[in-house]
2 protein chains.
Amino acid sequence: MSVTLKDVAQAARVSVSTASRALTGTGLTSERTQQRLVRIARELGYRPNPIARGLKTGQSRLVALLVHNLTNASFQVMAEVVQARLKALGYQMLLCIGGDDPQQESDTLTTLVDHRIDGLIVVPTGKNGAQLKTLSKDVPIVCLVRRDDATDLETVLADDPQGAYLGTRHLIELGHKRIGLIVGRQDTTSGRERLSGYVRALREAGITRDDALIHAGHFEPETGATFARKLLDLPRPPSAIFVANHEATLGVLRVTAERNIAVPDDLSLLCYEDMPWFEWHRPAISIVDNGARDLANLAVDRLLHRMDARGNSKGNGNDGVREYRVGAKLIQRDSCRQIDGPAPAKPAKSKSSSSKSSAAKSAKV
Amino acid sequence: MSVTLKDVAQAARVSVSTASRALTGTGLTSERTQQRLVRIARELGYRPNPIARGLKTGQSRLVALLVHNLTNASFQVMAEVVQARLKALGYQMLLCIGGDDPQQESDTLTTLVDHRIDGLIVVPTGKNGAQLKTLSKDVPIVCLVRRDDATDLETVLADDPQGAYLGTRHLIELGHKRIGLIVGRQDTTSGRERLSGYVRALREAGITRDDALIHAGHFEPETGATFARKLLDLPRPPSAIFVANHEATLGVLRVTAERNIAVPDDLSLLCYEDMPWFEWHRPAISIVDNGARDLANLAVDRLLHRMDARGNSKGNGNDGVREYRVGAKLIQRDSCRQIDGPAPAKPAKSKSSSSKSSAAKSAKV
DNA sequence: CGATAGACTGCAAACGATTGCAGAAACGCT
DNA sequence: AGCGTTTCTGCAATCGTTTGCAGTCTATCG
């Protein structure tokens, strides 16, 4: 079907081994034959068979990325980044969609290792720690966005405590005192950390935490809508909602539309993680950006580092760091409004500017 | 590193060949040893090495999906569908992102064939026809969404002529006479076909085509914005815009926001292809749905059919059909409004209901 | 000029599976 | 019991590469 190494060797009247060495550049080969073989290989259109090579070397030049879905814009850009980076290095990306379902995750992991992937970047569900731990003996693994607490895998995380803190502080600086929080499940790292950032900002500002303003759970847009309604039905509804859960955003938006609540005039809205349409929306939606692109790039860096280390049997590539944090950034658009508060006009001019400066610098750690 | 067939054979005190036959079910094996081997294999946790198997059989159990990007919601759902279907059959999906760039497409295709993929679903750029044609001798290929005119590859297409026709007719039935069209490049199938559907609806309604209302090109949201401005700056601007190009939608939306143009009161807006947030947007955006889910499913069906045919050397799986069309569907939400026209109040009550019925039934062909 | 190191090259054995072919066992039949 | 079938099993080759080892050739040095 296609040109094999044997064909090239025959055409050049050398043995297969010489051909192999000349083309891979391993071993000693005379300059002359080397060049000749490269030329002949090109003429014949020889392309090495990665399967055969993989059988011998135990590598597949396949790297898998396992994410929950592709609806989440962060996962989209991560997938695009990972694919682009890997391609440049001659790897192919296997993109798998696990649906945040432990069973599916487990199945997929098995298949992937069967296929002898050279590396894996995974957004773990958190329920397959044992399996991941076992696999990590065979394959370099980097966790992304979420930590699996049952493992000690290297993990690239968004700086969620900082992000949530930044967002909440921004709202406080705008004069908001009652800030609703809609946040992810508390059995995920990000869910817990975003809550803690929110709480910290509140505490720093001397605002007492009101649990009626906090809703945490696993999300569909629909659930987001439910929680938004609960918040707005409160005797003293919040003047701002921090939607610190990506999936919930649509639901919240629907509720404001349904009830004819003007954003930001009646209610300020701050969301977490960007979506391509946020800046085109009216009003353009302010967000805390989790830095998806940076996260993906860092994850790839770390994975390559580990793969490299393993290849050279220089240990497992541990650099003593278990956890990398990528700074979050506040992106102000038009969905948050200054509250005049019970007191007279804008008393917070200086504060507001300080908010801006804090927003400008990304929170590197 | 992991359990091989040899290990299983040794444990069972049979030869590798017997073990192979017992576990794959090929060839004759006595009931008893068969069962015994299956049991032992399970006990040892044996998992066949697809690379070794692939070397021998020439198959990889890898199927590639090559799309332009993941930002486009249609591609997202297609990727999810394809992944789910393939996984159920024991295949792994290789998702590649070609950026609608011929060079990238070409490179990716080469890599994929190197990896001995068992099948390929591709959204072609249209510039690599020759290469695709060559590859199709080695690998079953199905084109999706776009046709590559230089090939005679089996292609699964949205019924764009019908979809554009349905959409335009809907607007006409609402009383619009001047309907702007923003549509994709005319060197793509979909671009041409959507234009032709638009033209047909106009002609049927006896409306003369006005080329000032038609803008075609390759899109970024930014270009969409530019075209929208041009339309709105016309001496006699349209009362409705049909954004028959997915990428342009955001730009158009921004322009309406910028200029404080109320949708649908000042301008009706009909878009092509759904996005998850369209129904949560305010106003919810009416669309012509291209049936991405159905498209993906059909493409997988056809690909499997071809792969099967090739496997059994029953020919190449041609069933004499070159082109499959998946019906488009009008989904009415709130972005299109009845025009009272120059004549007095709602004269079009019956028309409006007819429009609804036509919307309800999907346009199967 | 002969020995010897050094630079190349080729042979053949892997890698882990599948598979044609032939030998072995089991069975029925006369 | 002897023979022919049938049913099962094992040997060995194969897929396309890589790679340890041994052999060949050239050049250099004494």
Side-chain angles (χ1 to χ4, degrees), chain A residues 1-38 40-41 44-62 90 113-118 138 311-313, chain B residues 1-38 40-41 44-62 90 113-118 138 311-313:
Chain A
M1 175 154 118
S2 72
V3 187
T4 80
L5 192 54
K6 201 169 136 195
D7 300 329
V8 179
Q10 260 164 13
R13 313 195 154 282
V14 295
S15 71
V16 222
S17 11
T18 309
S20 169
R21 277 188 281 252
L23 295 178
T24 57
T26 35
L28 307 314
T29 323
S30 75
E31 193 83 0
R32 226 167 53 79
T33 47
Q34 152 108 10
Q35 307 236 327
R36 197 162 59 94
L37 275 163
V38 171
I40 295 187
L44 262 49
Y46 168 71
R47 319 219 75 236
N49 180 335
I51 300 203
R53 176 177 286 171
L55 180 57
K56 183 67 189 173
T57 62
Q59 314 219 303
S60 58
R61 307 230 51 123
L62 255 29
V113 183
D114 279 357
H115 275 282
R116 299 298 188 275
I117 49 169
D118 289 348
D138 291 344
N312 304 329
S313 53
Chain B
M1 175 156 119
S2 71
V3 186
T4 79
L5 192 53
K6 199 167 136 194
D7 300 330
V8 178
Q10 260 164 12
R13 314 195 154 281
V14 294
S15 71
V16 223
S17 13
T18 309
S20 170
R21 277 187 281 253
L23 294 177
T24 57
T26 35
L28 305 317
T29 324
S30 75
E31 191 82 0
R32 229 168 48 82
T33 46
Q34 152 107 10
Q35 307 236 327
R36 196 162 60 94
L37 276 164
V38 170
I40 295 186
L44 263 51
Y46 167 72
R47 319 220 75 236
N49 180 335
I51 299 201
R53 176 179 284 171
L55 179 57
K56 183 66 187 171
T57 62
Q59 315 219 300
S60 58
R61 307 228 55 122
L62 253 32
V113 183
D114 279 358
H115 273 283
R116 301 299 188 273
I117 49 168
D118 290 347
D138 292 344
N312 304 327
S313 55

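A quick note: this is a predicted structure, and the numbers were derived from the prediction, not measured. In the text below, chain A, chain B and the rest are named by the order of the sequence lines, each starting its count at 1.
Rounded to a whole Å, the CD atom of A/Q59 is 17 Å from the C1' atom of D/dG16. The nearest whole Å value for the distance from the CZ atom in A/R47 to the P atom in D/dT17 is 12 Å. One can place CG of B/L5 at 9 Å from C1' of C/dT18, the figure rounded to the nearest angstrom. One atom, CD of B/Q34, and another, P of D/dC8, lie 10 Å apart when rounded to the nearest Å. Look at CZ on A/R36: it is 14 Å from P on C/dC8, rounded to the nearest Å. In this structure, CD1 of B/I51 is placed 11 Å from P of C/dG16, rounded to the nearest angstrom. Between the NZ atom of A/K6 and the C1' atom of C/dG10 there is a distance of 15 Å, rounded to whole Å. Here C/dA17 presents its P atom at 14 Å from NZ of B/K56, a figure rounded to the nearest Å.
With D/dG10, C/dC11, C/dA17 as the choices, the nucleotide that has an atom nearest any side-chain atom of B/Y46 turns out to be C/dA17. Among the nucleotides D/dT17, D/dC11, C/dG16, the one closest to the side chain of B/S15 is D/dC11. Side-chain proximity of A/V14 to the nucleotides C/dG10, D/dT9, D/dG10 is greatest for C/dG10. Nearest to the side-chain atoms of B/R21 among the listed nucleotides D/dT19, C/dG20, C/dG16 stands C/dG20.
Nucleic acid contact for B/P50: none, since no nucleic acid atom lies under 4.0 Å from a heavy atom of the residue. Base contact: A/S20 has a heavy atom under 4.0 Å from a base atom.
Both B/R13 and A/R53 lie close to DNA chain D; mapped to their nearest nucleotides by heavy-atom distance, the more 5′-ward contact belongs to B/R13.
The structure places CD of B/Q59 at 9.5 Å from CD1 of A/I51, a figure rounded to the nearest 0.5 Å. The OG1 atom of B/T18 sits 14.0 Å away from the CZ atom of B/R13 when rounded to the nearest 0.5 Å.
A close approach under 4.0 Å does not occur between any side-chain nitrogen or oxygen of B/T57 and OP1 or OP2 of D/dC15. At the phosphate of C/dG10, OP1 or OP2 sits under 4.0 Å from a side-chain N or O atom of A/T18.
When A/L5, A/L37, A/V8 are each tested for a side chain to side chain contact (heavy atoms under 4.5 Å, CB included) with A/S20, only one passes: A/L5.
For C/dC11, its base sits under 3.5 Å from the side chain of A/S17 at one donor and acceptor pair at least.
At least one donor-acceptor pair closer than 3.5 Å links the side chain of A/R36 to the backbone N or O of A/A12.
Looking only at atom types and distance, the side chain of B/T33 has no donor-acceptor partner in the side chain of B/R21 under 3.5 Å away.
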